[in-house]
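Keep in mind it's a predicted model, so treat the numbers as computed, not measured. Every chain is numbered from 1, with letters handed out A, B, ... down the list of sequences.
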Amino acid sequence: MYQAARGTTDILPEEQPYWRHVEKAISDITGLYGYKRIDTPVFENTSLFQRSAGEYTDIVQKEMYTFDDRGGNSLTLKPEGTPPVCRAYIQHGMHNLPQPVRLCYLSPIFRYDRPQAGRYRQHYQFGCEAIGDEDPAIDAEIIDIAWRFNNLLGLTNLSLQLNSIGCPECRPAYLKVLKDYYKKYTGKLCADCKMRLEKNPLRLLDCKQASCQQIAQNAPRSIDGLCAACADHFKQLQKYLGLMEIPFSINHRLVRGLDYYTRTVFEIQPEDEGGQSTIGGGGRFDGLIEELGGKPTPAAGFAAGIERIILNLKKQGVSIPTQPPLQVFIVHLGEEARNEAIKLASVLHGAGISAATATGSKSLKAQLRQANTLGAKYAAIIGGDEVKAKTVTLRNMTDGQQETIGAGELAGKLTV
RNA sequence: GUGAGUGUAGCCUAGCGGUCUAAGGCACCAGGUUGUGGCCCUGGAGAUCGAGGGUUCAAAUCCCUCCACUCACCCCA
């Protein structure tokens, strides 16, 4: 028997109310902040992602779904949302628009990871990017959206972690200080951290090994190594967050896994502990547009994982609006009645009333049972008597009351 | 990529060498009402017991291999 490919999942009808709830929140929040939707292709040229994420990130090294098309071009299923949006910004000359350009997306994301709770090989991310402005008010706006989005969804007990990891001006000096500190502990580091010390020293800070955490505890802090411009930017950001009354805590060990981040980085997590806990994160990426061939252009953004949000909506027991029920299920007895039922359904659909018609020629009991199982509000019964009198018997499935009305009156009756 | 756990009908579970021609619950279908659902009662359909191989007179049950799923690590959303 075939089953969905590893790490992928069907979003079944009973799951859909959660997705609609999330989609509604996305549409509301982006409208509220003036972010315009953009949909980029599901695959891009491989080099776009190689250049943007960073050569030594896990995404590029082992998580990309890369393939050659028949023309021999290397393509990759998008492993993150930001680079394609930046590519589109450049390609369509959006630097000619008033800056910043505010864009948002809801897109499938593909990463070849070992699946586990809250982690899929195909998952969905909702993201916002504000491109073309370095004002810390933009960072604050992005964080504000991410935060309010979760409120809109009904999630509570979330924490917002914030940090600044500097810019190309000040980071090299900080990295040197950091490396010097870690070199004193080389013998005590885990194998991964020994690698990180060489390839990606920032990542040393968020190692989860207990022994490495102790070392990270007293490591030099990135915010102590910021240049004047970055320090001021971070200070302003915190002030704005304060004005908006968004609670945050500074996490000196928050660095994020992608190389393109500059200055601001942040993550949103549920308070309770859990493996794959982060439900959203982002930051500033002032160098990315230029790296991808555009003019030097500052930008900031965030992305949130929909599956993890839904996981938390369920965990927190957030009540979700349900689908409107089927208005009427049309029941018929006999060949002529069946013809009338089909005509009637057509009229109802034309009038914008949801209706389904029984199939086959089952007993009245069986048809009503089906109406009940489907959750129909009414059953419209057409039997021999009704055919003769050109009426239908309308049964309210909640209280069992029923009345006989003219066939032509049904649509009007159900509209009210 | 690493480690641990689990695979019995659509779902949940019992059985853990012979009484298994695999049991029960939910869901599904039908009947109990000649034209009336939900509750109840009765009945029905639905499983090569994840796959392949081995041990044995005998395997859902023991062994091996593979596959899948789950959880965790790495990393991320």
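- Spacing between A27(B) and C71(B) at atom P, rounded to whole Å, works out to 27 Å.
- The CG atom of Leu158(A) sits 5.0 Å away from the CD1 atom of Ile279(A) when rounded to the nearest 0.5 Å.
- For the C1' atom pair drawn from A51(B) and C69(B), the interatomic distance equals 14 Å after rounding to whole Å.
- The C1' atoms of G46(B) and C62(B) are separated by 30 Å, rounded to the nearest whole Å.
- Ion pairing between a basic and an acidic side chain is recognised when a charged N comes within 4.0 Å of a carboxylate O; Arg256(A) and Glu267(A) show such pairing.
- Distance, Gln370(A) CD to G38(B) P: 13 Å, rounded to whole Å.
- Here the straight-line distance linking atom CD of Glu80(A) with atom CG of Leu258(A) works out to 5.0 Å at 0.5 Å rounding.
- Within 3.5 Å, no donor on the side chain of Asn372(A) pairs with an acceptor on the base of G38(B), nor the reverse.
- Expressed to the nearest 0.5 Å, how far CZ of Arg114(A) lies from CD of Glu63(A) amounts to 13.5 Å.
- Between A60(B) and G52(B), the distance separating the two P atoms is 12 Å to the nearest Å.
- Atom CG of residue Leu205(A) and atom CZ of residue Arg221(A) lie 11.5 Å apart, to the nearest 0.5 angstrom.
- If you check every strand for non-hydrogen atoms under 4.0 Å, Tyr120(A) touches a base.
- What separates CH2 of Trp19(A) from C1' of A77(B) is a distance of 11 Å, to the nearest Å.
- For Gln402(A) against U36(B), a side-chain N or O and a base N or O form a donor-acceptor pair under 3.5 Å.
- Atom CD in Gln3(A) sits roughly 12 Å away from atom C1' in A51(B) (whole-Å rounding).
- Within 4.0 Å (heavy atoms only), Glu386(A) reaches at least one base atom of the nucleic acid.
- Distance, Arg308(A) CZ to A77(B) P: 8 Å, rounded to whole Å.
- Counting only Watson-Crick and G-U wobble pairs whose two key distances fall under 3.5 Å, RNA chain B forms stems of three or more stacked pairs at B:1-7 with B:67-73, B:10-13 with B:23-26, B:28-32 with B:40-44, B:50-54 with B:62-66.
- Side-chain N or O atoms of Arg203(A) include none that pairs as donor or acceptor with a backbone N or O of Val255(A) at under 3.5 Å.
- No more than 12 heavy atoms of other residues, nucleotides or ligands sit less than 6.0 Å from atom OH of Tyr112(A).
- Not a single donor-acceptor pair under 3.5 Å links the side chain of His332(A) to the backbone N or O of Asn339(A).
- The salt bridge (charged side-chain N to carboxylate O under 4.0 Å, His left out) pairs that include a residue from residues 144-158 of chain A are Asp144(A)-Arg148(A), where partners are two or more places apart or lie in different chains.
- Among the atoms of the strands shown, base atoms are found under 4.0 Å from some heavy atom of Ile381(A).
- Distance Glu403(A) CD to G35(B) C1': 18 Å, rounded to the nearest Å.
- Atom name P, nucleotides A23(B) and U65(B): the rounded distance is 32 Å, in whole Å.
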Check: protein-nucleotides 1-3 of chain B nitrogen or oxygen pairs below 3.5 Å:
| unit_1 | atom_1 | unit_2 | atom_2 | d |
| --- | --- | --- | --- | --- |
| U2(B) | O4 | Arg114(A) | NH1 | 2.6 |
| G3(B) | O6 | Arg114(A) | NH2 | 3.3 |

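- To the nearest angstrom, C1' of C73(B) lies 14 Å from CG of Asp206(A).
- For the pair Gln116(A) and U70(B), the criterion of a side-chain N or O lying under 4.0 Å from OP1 or OP2 is not met.
- Residue-level contact check: Ser107(A) touches neither bases nor backbone, having no heavy atom under 4.0 Å from any strand.
- Taking the side chain as every heavy atom from C-beta outward, Ile143(A) and Leu162(A) approach each other to under 4.5 Å.
- Between Phe149(A) and Phe126(A), the distance from one ring center to the other falls under 6.0 angstrom.
- Of the possible polar contacts, one joining the Asp286(A) side chain to the Ala299(A) backbone as a donor-acceptor pair under 3.5 Å is found.
- Note that CD of Gln50(A) is 10.5 Å distant from CG of Asn45(A), once rounded to the nearest 0.5 Å.
- Salt bridge Arg20(A)/Glu23(A): absent, no basic N to carboxylate O contact under 4.0 Å.
- Nucleotides C73(B) and U8(B) place their P atoms 26 Å apart, quoted to the nearest Å.
- Annotation: of the two residues near RNA chain B, Glu63(A) and Arg395(A), the 5′-most nearest-nucleotide partner is Arg395(A).
- Thr391(A) and Glu386(A) are not linked by any side-chain donor-acceptor pair at a separation below 3.5 angstrom, with hydrogens and angles left out of the test.
- For Asp180(A), the salt bridge (charged side-chain N to carboxylate O under 4.0 Å, His left out) criterion is met by Lys176(A), not counting sequence neighbours.
- Heavy-atom distances under 4.0 Å link RNA chain B to no residue of residues 318-334 of chain A.
- The residue among Gly305(A) and Arg6(A) whose nearest nucleotide of RNA chain B lies closer to the 5′ end is Arg6(A).
- The separation of A22(B) from A45(B), taken at their P atoms, amounts to 13 Å, rounded to a whole angstrom.
- Taking atom CD on Glu80(A) and atom P on A77(B), their separation rounds to 8 Å, with Å as the unit.
- One can place CG of Asp399(A) at 13 Å from C1' of G37(B), the figure rounded to the nearest angstrom.
- Going from the P atom of C28(B) to that of G37(B) covers 15 Å, rounded to whole Å.
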Sub-3.5 Å pairs of nitrogen or oxygen atoms, protein against nucleotides 30-33 of chain B:
| unit_1 | atom_1 | unit_2 | atom_2 | d |
| --- | --- | --- | --- | --- |
| A30(B) | OP2 | Arg369(A) | NH2 | 3.2 |
| G32(B) | N7 | Lys365(A) | NZ | 2.9 |
| G32(B) | O6 | Lys365(A) | NZ | 3.4 |

